[in-house]
**Student:** 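What follows is a structure written as structure tokens; I'll ask about it next.
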Amino acid sequence: MARYNPKENEPRQRDAWAKADVFRTADDDTRPKYYILEMFPYPSGRMHMGHVRNYTMGDVVARYWRARGYSVLHPMGWDAFGMPAENAAMERGVHPKGWTYDNIAAMREPFKVLGTSIDWSREFATCDPEYYGQQQAWFLKLYESGLVYRREATVNWDPVDMTVLANEQVIDGRGWRSDALVEKRKLTQWFLRITDYADDLIEGLSTLDRWPDKVRLMQENWIGRSRGLRMTWRWSGAAPAGLEDGLEVYTTRPDTLYGASFMAIAPDHPLAEQLAAADPKVAEFVARCRAGGTSEVEIEAGEKLGMDTGLAVVHPFDASWTVPVWIANFVLMDYGTGAIFGCPAHDQRDLDFARKYGLPVKPVVLPSDGHPATFMIGSEAYVGPGKIFNSDFMDGMTIEQAKAAAIDRVEAQQQGKGATVYRLRDWGVSRQRYWGCPIPIIHCEACGPVGVPRDQLPVVLPDDVSFDIPGNPLARHPTWKHVKCPSCGADAQRETDTLDTFVDSSWYFARFANPNAAEPIDKAAADRWMPVDQYIGGVEHAVLHLLYARFITRALKDQGMLSVEEPFAGLFTQGMVTHETYKAADGAWVEPAQVEFVTEGGARIARVKATGETLTIGDIEKMSKSKKNVVAPEEIFDTYGVDAARLFVMSDSPPERDVQWTNAGVEGANRFIHRVWNEFDSQPDGPPPPLSDDPSALELRRAAHKLIGAVGESIAGFRFNSGVARLYEFLGTLRAHPAAGASDAVLAARHEALTILACLINPFVPHLAEACWTRLGNEGLIVDVAWPQADPALIADSEVVLPVQVNGKRRGEVTAAKGADEADVRALALADPAVSVHLAGLTVRKVIVVQDRIVNIVAN
RNA sequence: GCGGAUGUGGCGGAACUGGUAGACGCACUGGAUUUAGGUUCCAGCGCCGAAAGGCGUGGAGGUUCGAGUCCUCUCAUCCGCACCA
């Protein structure tokens, strides 16, 4: 017997897999397909524990379905464009391209060491011109179909880095890198018309029954569909220029039109801007609103600011009733029409505003317990159900009836129309960045924006760029942007913006079906593999990436490039890997690798290994460089082996929750691995004796056969921690039947059990499983072995143990034949001495027998 | 503020449709092996109690023969959105 040596075994098994090329996926396989995909990583250059967990999870699932006879596609790529490469270029003078490809090379190694069953022949990076060129091709198709357009939009502009920032990159109003105050700027930007698909994207959610409810709900809220009325209020008096028809507002509460008290427009509404141009006081007010708009404190306080414009409109249902028009800071220009009618009695914001500026508050919805004469609104608006009153023709209606009636009337008066409004905005994809996919458009003075002809794709990024000054290197490149117009041949300029990197990740899953296709998507291959059967990634992408990918999939389907509407049939969002934090007296964080622990008086004390300095044990947080609570996967691989790391991240917590990395935990996993090996290694060489029904062996055989279903269901149901627990438990059963001194019957049962065990541990600890498989005397690789079949006779129990309760409290148990009828079980239970003790002096009123489950005796 | 999730020993967690709460791992305690530390092996380990027994799944009620699981209220923590008309 030799101690299991992962350092020697693990590389050998990986070599064997590579040599046999076992993970290459054939496209002409006739077996059913299973496409499993983990969200591809950004090539930071370093693998972290989160990757280990994410990719091990996917690998366990991939290896399981592979063993179950499916043709499994499990590809891998790199989400390789983006800001970190340019930041590295600016900070260290390296080229983004070299930096990125070096990082990919550095990360590919640990990913291969992890032993995941990936078809590396399909690998690509989004910064490969072969990939982004195809992206440009479909982008142009969407452009031709009208899904891509250009308009002026307000963006976050970082005046120091001279670039647009995404909303996520603005922290408390400042650029995340430069710390400069971010300005709102109007820039002409490219947009994707995702709002065209708003309804489809909502309806589609109901088909995604293997997605977490949480994610579906978040997407629904993000799209934010609301139904209401878009209507125009006519001016009382002279109409402002350009708004001759009146003031258009959007409301979801047309039932409260008789409660109207004021109109409010956004500070950046065209009317407000017009008034500001004419009146310095208005200009000053508008400026104040804008400044306050970004200030956290003011939003927090919710202070309502308003200014009466002096203009007024006429109520649609009463020509003698005029309503004043205000400018208000709480009205948003980019939602609805940028103008509202205020009904203070039934909207809290409107009420706050009305109270502050002394505007009328007239209730029009009466709660069921309210009286029309006495019902009053205090400081809280009434937003509950009730009957309409004070409302002429709507009096007595329910809210829903009144909404319909008001919409009908407004439509009949030709002053508006029932409308659906979304919170979702079109997707701005322009980035003033170098390291991204060039937008394949040429601007010609005569022809306008013209798509780059197909035969000139890809538009490749130039390599000779500099990062010594801020701004977009593409824009200041001496020659790159100067081209001829493809349409008229005149001098023209290339678009120098690049695409948001979320575009890159919105279709890569379809490209994996055939990464070398001459078209963006090989439709036949995509029809074979799409949709992804199981997608795995972090919940932080619940709206962004997952919504964009769903949108692009639908858009490409409408271009005839794909057949599916939804890219991901199943989604699993995994938790993070966390670790304790350690802080020194001077406030500095200390890495776990430098910490040792002692127990003093039952308390666990952390201190620095080298100096003995006592440390404060802080919160358990996501592993991060800033808190230094990081454990490098490579170090763990080196100390314990890859399998121990894989097993631990799968074992301790349910996969959707965070898992706390602990040294003690990985040692537990390591212990299991060595114990498993010892069981295989203690089995005698040579062919096993024949299996027998000897009772001494039957317990082991039963346990092994039952384990097959339990572990399989755990994997299929993403309950990996439970599956691992069952494997640990089974090891105990195995150890209770040692090989040393065992009868032939037990040796035979052990051989069978070990054969099963090797197959069941294979998804989790594949390197160990291969070694175990060979140790049992088998030829070939266990990756090619089918998932074992349980013998129905061995998993069916002939006897069951039934707990017996008296008045709901467990008092004893009886053993009965499986399926025994009620009368027999009842007699057995009543005769049990442990039970009868508790029945002394009581009268049995009722005996409930749940077949093969439990007996409950009701007595008093 | 709105929406959602979670709450079980010292810790991570198990308990699939209401049916033996605490599987499995960690920590801890005792013992064996070892020159010693570590490793390895055996045993114990929800709380109260000497025992019999009682009490226990954030808290309070309820439904049920039976509730961690279902219902009502409530507290705490976490997450998402946030002046969305």
Side-chain angles (χ1 to χ4, degrees), chain A residues 3 212-222 224-226 228-229 249-253 256 264 266 293 298-305 328-332 334-343 346-350 352-353 421-424 539-540 542-543 578 597 599 602 604 620 647-648 651-654 656-660 662-669 671-672 674-675 678 710 713-714 717 719 721-732 735 801-813 837 845-850 852-859:
Chain A
R3 192 171 156 82
D213 291 341
K214 177 195 168 83
V215 174
R216 290 193 287 180
L217 194 68
M218 280 168 74
Q219 292 212 353
E220 199 179 328
N221 291 341
W222 185 267
R225 179 164 64 188
S226 86
L229 171 67
V249 304
Y250 171 74
T251 179
T252 57
R253 293 299 301 271
T256 63
E298 248 168 317
I299 289 177
E300 205 73 14
E303 196 197 349
K304 303 279 182 288
L305 298 175
N329 67 337
F330 67 91
V331 180
L332 305 174
D334 60 357
Y335 186 79
T337 63
I340 61 159
F341 88 84
C343 174
H346 305 291
D347 183 289
Q348 191 58 47
R349 278 170 330 206
D350 295 351
D352 294 344
F353 190 77
V421 163
Y422 304 89
R423 205 190 78 106
L424 184 69
V539 75
E540 66 272 18
V543 274
T578 61
F597 298 93
T599 310
R604 189 164 148 271
I620 296 156
L647 186 62
F648 176 63
S651 68
D652 233 31
S653 288
E656 68 277 11
R657 273 197 233 171
D658 291 351
V659 64
Q660 188 193 345
T662 63
N663 230 38
V666 75
E667 276 173 10
R671 229 174 342 254
F672 173 78
H674 284 95
R675 285 173 180 170
N678 289 343
E713 282 159 27
S714 296
R719 292 187 302 271
N721 54 325
S722 294
V724 172
R726 295 301 299 265
L727 291 168
Y728 278 30
E729 192 180 25
F730 181 69
L731 181 67
R735 274 151 62 103
V801 175
L802 298 158
V804 181
Q805 299 180 330
V806 175
N807 293 329
K809 286 198 166 61
R810 184 180 176 278
R811 296 301 183 185
E813 56 183 39
V837 167
R845 300 289 174 195
K846 200 173 171 187
V847 178
I848 291 139
V849 177
V850 182
D852 299 339
R853 275 237 121 114
I854 201 165
V855 182
N856 192 10
I857 300 166
V858 185

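Below, read A as the first sequence line, B as the second, and so on, with proteins coming before strands; counting in each chain starts at 1. Excluded from the calculations below are hydrogen atoms, water molecules and symmetry mates; all remaining heavy atoms, backbone and side chain alike, are included. Since the model is a prediction, treat every value here as computed from it, not as a measurement.
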**Student:** Using only heavy-atom distances, decide whether a donor-acceptor pair under 3.5 angstrom links the side-chain of Lys304(A) to the base of C83(B).
**Tutor:** yes

**Student:** What nucleotide among G12(B), U20(B), A14(B) has an atom nearest to a side-chain atom of Asn721(A)?
**Tutor:** A14(B)

**Student:** Among A85(B), G54(B), G19(B), which nucleotide sits nearest the side chain of Ile848(A)?
**Tutor:** G19(B)

**Student:** Side chain of Arg349(A), heavy atoms from C-beta onward: which of A85(B), C84(B), C42(B) has the nearest atom to it?
**Tutor:** C84(B)

**Student:** Name the closest nucleotide to the Arg423(A) side chain, picking from G12(B), C83(B), C81(B).
**Tutor:** C81(B)

**Student:** Base, sugar-phosphate alone, or nothing: which one does Val858(A) contact when heavy atoms must sit under 4.0 Å apart?
**Tutor:** sugar-phosphate

**Student:** When all nucleic acid strands are considered with a 4.0 Å heavy-atom cut-off, which category describes Arg225(A): base, sugar-phosphate, or nothing?
**Tutor:** nothing

**Student:** About how many Å separate CZ of Arg349(A) and CD1 of Ile340(A), when rounded to the nearest 0.5 Å?
**Tutor:** 6.0 Å

**Student:** Name the closest nucleotide to the Pro803(A) side chain, picking from C83(B), A14(B), U20(B).
**Tutor:** U20(B)

**Student:** From the set A85(B), C65(B), G19(B), return the single nucleotide nearest to any side-chain atom of Lys846(A).
**Tutor:** C65(B)

**Student:** For RNA chain B, what dot-bracket results from Watson-Crick or G-U pairs at under 3.5 Å, with [ ] for crossers and | for inter-strand partners?
**Tutor:** (((((((..(((......[....))).(((((.......))))).(((....)))..(((((..]....))))))))))))....

**Student:** Using the C1' atom as the reference point in each nucleotide, state the distance between A21(B) and G9(B) in Å, no decimals.
**Tutor:** 11 Å

**Student:** Going 5' to 3' through nucleotides 25-30 of chain B, assign each nucleotide B (protein heavy atom under 4.0 Å from a base atom), S (under 4.0 Å only from sugar-phosphate atoms) or - (no protein heavy atom that close).
**Tutor:** SSSS--

**Student:** Answer syn or anti for G66(B), where the cut-off is 90° from 0 on the glycosidic torsion.
**Tutor:** anti

**Student:** For Gly336(A) and for Arg719(A), locate the closest nucleotide of RNA chain B by heavy-atom distance; then report the residue assigned to the nucleotide nearer the 5' terminus.
**Tutor:** Arg719(A)

**Student:** Between Ser226(A) and Tyr250(A), does any side-chain donor sit less than 3.5 Å from a side-chain acceptor?
**Tutor:** yes

**Student:** G66(B), C84(B), G13(B): which one has an atom nearest the side-chain heavy atoms of Asn856(A)?
**Tutor:** G66(B)

**Student:** Quick one: label Val543(A) by what it contacts on the DNA or RNA (base, sugar-phosphate, nothing), any heavy atom closer than 4.0 Å.
**Tutor:** nothing

**Student:** Quick check: on RNA chain B, is the nucleotide nearest Val837(A) upstream (toward 5') of the one nearest Val724(A), or the reverse? Name the residue that is more 5'.
**Tutor:** Val724(A)

**Student:** Of the nucleotides C42(B), C55(B), A15(B), which one has an atom closest to the side chain of Arg735(A)?
**Tutor:** C42(B)

**Student:** I'd like to know whether CZ of Arg811(A) has more than 12 heavy-atom contacts from other residues, nucleotides or ligands below 6.0 angstrom.
**Tutor:** yes

**Student:** Hey, does Arg216(A) reach any base, or is it just sugar-phosphate, or nothing, if we go heavy atoms under 4.0 Å?
**Tutor:** nothing

**Student:** How far does OG of Ser651(A) sit from CZ of Phe672(A), to the nearest 0.5 angstrom?
**Tutor:** 10.0 Å

**Student:** May I ask you to say what Asp347(A) touches in the nucleic acid, namely base, sugar-phosphate or nothing, with a heavy-atom cut-off under 4.0 Å?
**Tutor:** nothing

**Student:** Looking only at atom types and distance, does a side-chain atom of Asn329(A) sit under 3.5 Å from a main-chain N or O of Leu305(A), one as donor and one as acceptor?
**Tutor:** yes

**Student:** In Å, rounded to the nearest 0.5 Å, how long is the span from CG of Leu332(A) to CZ of Arg423(A)?
**Tutor:** 10.5 Å

**Student:** Over how many whole Å does the gap from Phe597(A) atom CZ to G38(B) atom C1' extend?
**Tutor:** 17 Å

**Student:** From A23(B), C55(B), G13(B), pick the nucleotide closest to the side chain of Ala725(A)?
**Tutor:** A23(B)

**Student:** Is the backbone of Ile857(A) close enough, under 3.5 Å, to the side chain of Gln805(A) for a donor and an acceptor to pair up by distance?
**Tutor:** no

**Student:** For the atom pair OG1 (Thr256(A)) and CG (Asp350(A)), what is the distance rounded to the nearest 0.5 Å?
**Tutor:** 8.5 Å

**Student:** Where the side chain of Arg657(A) is concerned, which of G19(B), G54(B), U6(B) is the nearest nucleotide?
**Tutor:** U6(B)

**Student:** Is the closest basic N to carboxylate O distance between Asp213(A) and Arg216(A) below 4.0 Å?
**Tutor:** yes

**Student:** Does the ring of Phe353(A) carry Lys304(A) above it, NZ/CZ under 6.0 angstrom from centre and within 45° of its axis?
**Tutor:** no

